[in-house]
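Reading through the structure tokens given below for one structure.
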Amino acid sequence: MAQPINIDPEHVERLILDLGEFGAHSGTGVWRTVYSPECVAAAKHFAGWCAEAGLAVHHDAVGNVWGRLEGREAGPSIVSGSHIDSQKPGGRYDGALGAIAALVAIDALARQFGKPRRTLEVLALCEEEGSRFAAASLWGSRAITGCIEPRELDELLDHDGVSIRQAMQDAGLDPNALATAERDDIDTFVELHIEQGPVLEAAGLGVGLVTAINGLRHYRVELTGEANHAGAFPMDARRDPMAGFAEIASGVISTAERWGRPAVTTVGQVNVEPNLPAIIPAKVSFMIDARHPDPDAVQRLYSLHENLIREVADRRGLGVKITVLENQAPLICHPEVVAAIKATAEEQGIRLGALPSGGSHDTQQMSRIARAGMIFVRSKDGRSHTPEEFSSIDDIVDAIKVLAGTLYKLAY
């Protein structure tokens, strides 16, 4: 497109700061978990912005906010957006920026180019982080794609023992209408998001083209041995789960280090029983997070980790239990969406870096029903999931221009 897209930086910054007031925390942070009063109020406020922009607004059964700009032709929609919930606490940009960017981009297109050929929709998702209900991650997009099991409504509990069913009811929603949130009329989903890592900053680039999104697997591993006296029990006679844990933790991390980028493996949330200085532990339980964007490579990474866990446990005479708590397939972003993003950046004179996404996103879930792609914005110092996260308005405006131009190519 020859004509530049007009984006007002002051307007964008004002929306970011305004939405950040809902659940404001730690000066520059946000504490806004799904179905909390703060998140419900933020969704209502965002819906008001959509209405002011002339969009047809509705809240679906799980509380996602949709703003619709009707197209001239019938057919599936082109959708952009992200989530508005946060970590505990998080920052103003993670998720929320993508919802704001979608609204700003579609509003700008409507003002400059009028009614689109294809229907455009803004989407503010009610939940992605899993920060209140740990196993409810991607709740908003899972509802849209029909991937929520009804049993989850009662099985998913927050730290206070409140079920997600009760939380929905407290927020004025009807959990029994869950199925009505499902959509089968979305052609393309494009999400703008902060990078949450240091790659773009290291390259001196403000905007990134996401080529793929990591597949990930979360394991809970329990190693059981035998508690004994730390001084009196010989080393060669021990069944020490802490020794097994140390070897496994070192091994899986070393594997990812040897592979190099983009393979990553993290060990965290370690529990030791009994956790005492002079007793060989009886049990050690811990989490492993393994990720890679290549569908074949990620399976090899998982196999290496799982084989090491079993080999160490067997050699040390330990009981072992491996539980997969989360398993997300990698996403290779749709080539037509990738091409549209690339072409737009060139037309707008914006330098674009290509990189995989290390974090998981709603885009992965939405790719079940639509062509999907992502645009990244540089994160200062690579920070995210913290009140200190920050992206400059200049970078944000450039990214919104790329998003708007991409939506233009898809919908006009």
Side-chain angles (χ1 to χ4, degrees), residues 1 3-16 18-19 42-60 64-84 93 95-125 140-141 144 183 185-193 207 337 340-341 343-345 347-348 350 362-363 366 370-375 377 393 396-412:
M1 55 187 303
Q3 185 174 342
I5 298 169
N6 300 319
I7 303 296
D8 179 0
E10 292 184 1
H11 175 61
V12 174
E13 187 168 31
R14 186 166 57 252
L15 295 184
I16 293 168
D18 283 356
L19 197 61
K44 182 178 179 181
H45 196 71
F46 188 89
W49 285 343
C50 290
E52 289 172 8
L55 305 180
V57 181
H58 82 277
H59 299 253
D60 67 20
N64 296 321
V65 178
W66 297 86
R68 184 180 179 96
L69 179 62
E70 199 69 40
R72 300 189 307 272
E73 299 177 2
S77 297
I78 311 297
V79 178
S80 182
S82 193
H83 62 96
I84 61 170
Y93 301 86
L97 178 60
I100 290 168
L103 173 58
V104 171
I106 291 175
D107 185 31
L109 291 175
R111 290 173 184 272
Q112 287 186 243
F113 306 105
K115 195 179 185 69
R117 179 175 58 85
R118 304 282 297 279
T119 294
L120 281 165
E121 293 190 68
V122 174
L123 173 59
L125 291 153
S141 53
I144 295 166
R183 295 281 297 267
D185 59 346
I186 297 173
D187 175 84
T188 306
F189 179 76
V190 186
E191 181 175 10
L192 183 148
H193 204 282
V207 184
V337 181
I341 294 169
T344 298
E347 293 164 357
Q348 298 286 328
I350 296 168
D362 289 297
T363 299
M366 296 297 285
R371 301 182 300 173
M374 285 195 78
I375 297 165
V377 182
I393 289 299
I396 289 168
V397 168
D398 279 350
I400 294 175
K401 288 180 179 178
V402 174
L403 174 64
T406 301
L407 297 176
Y408 179 91
K409 289 184 182 303
L410 298 169
Y412 277 83

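Just so you know, these numbers come straight off a predicted model, no measurement behind them.
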How many angstroms lie between atom [atom1] of [X] and atom [atom2] of [Y], to the nearest 0.5 angstrom?
{"X": "L192", "Y": "I400", "atom1": "CG", "atom2": "CD1", "value": "6.5 Å"}
{"X": "I375", "Y": "T363", "atom1": "CD1", "atom2": "OG1", "value": "10.0 Å"}
{"X": "L19", "Y": "L103", "atom1": "CG", "atom2": "CG", "value": "10.5 Å"}
{"X": "H11", "Y": "D107", "atom1": "NE2", "atom2": "CG", "value": "6.0 Å"}
{"X": "L69", "Y": "L55", "atom1": "CG", "atom2": "CG", "value": "6.0 Å"}
{"X": "M366", "Y": "M374", "atom1": "CE", "atom2": "CE", "value": "12.5 Å"}

Can you check whether [Y]'s main-chain N or O pairs, donor with acceptor, with [X]'s side chain at less than 3.5 Å?
{"X": "Q112", "Y": "N6", "value": "yes"}
{"X": "Y93", "Y": "I16", "value": "no"}
{"X": "S80", "Y": "V190", "value": "yes"}
{"X": "R118", "Y": "E73", "value": "no"}
{"X": "R72", "Y": "K115", "value": "yes"}

Tell me the closest heavy-atom pair linking [X] and [Y], and the distance in Å.
{"X": "G81", "Y": "F189", "value": "O-CZ, 3.5 Å"}
{"X": "A47", "Y": "H59", "value": "CB-NE2, 3.7 Å"}
{"X": "K401", "Y": "T344", "value": "O-CG2, 3.9 Å"}
{"X": "H193", "Y": "S82", "value": "CD2-OG, 3.8 Å"}
{"X": "A108", "Y": "I5", "value": "CB-CG2, 4.3 Å"}
{"X": "D362", "Y": "S141", "value": "OD1-OG, 2.6 Å"}

Please test I144 against I186 for side-chain contact (heavy atoms from CB on, under 4.5 Å), starting from the C-alpha separation and ending with a verdict.
-> CA-CA 10 Å; I144 295 166; I186 297 173; 4.3 Å; yes

Does atom CD of E10 have more than 12 heavy-atom neighbours, drawn from other residues, nucleotides or ligands, at distances under 6.0 Å?
->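 No.
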
Count the heavy atoms belonging to other residues, nucleotides or ligands that lie under 6.0 Å from CZ of R117, then report whether that count exceeds 12.
->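 Above 12, so yes.
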
Counting C-beta onward and ignoring hydrogens, is there a side-chain heavy-atom pair between [X] and [Y] closer than 4.5 Å?
{"X": "L410", "Y": "R371", "value": "yes"}
{"X": "E347", "Y": "P4", "value": "no"}
{"X": "I396", "Y": "I7", "value": "no"}

Look at the rings of Y408 and Y412 and say which category their plane angle falls in: under 30° parallel, 30 to 60° tilted, over 60° perpendicular.
->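 Rings of Y408 and Y412: parallel, under 30°.
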
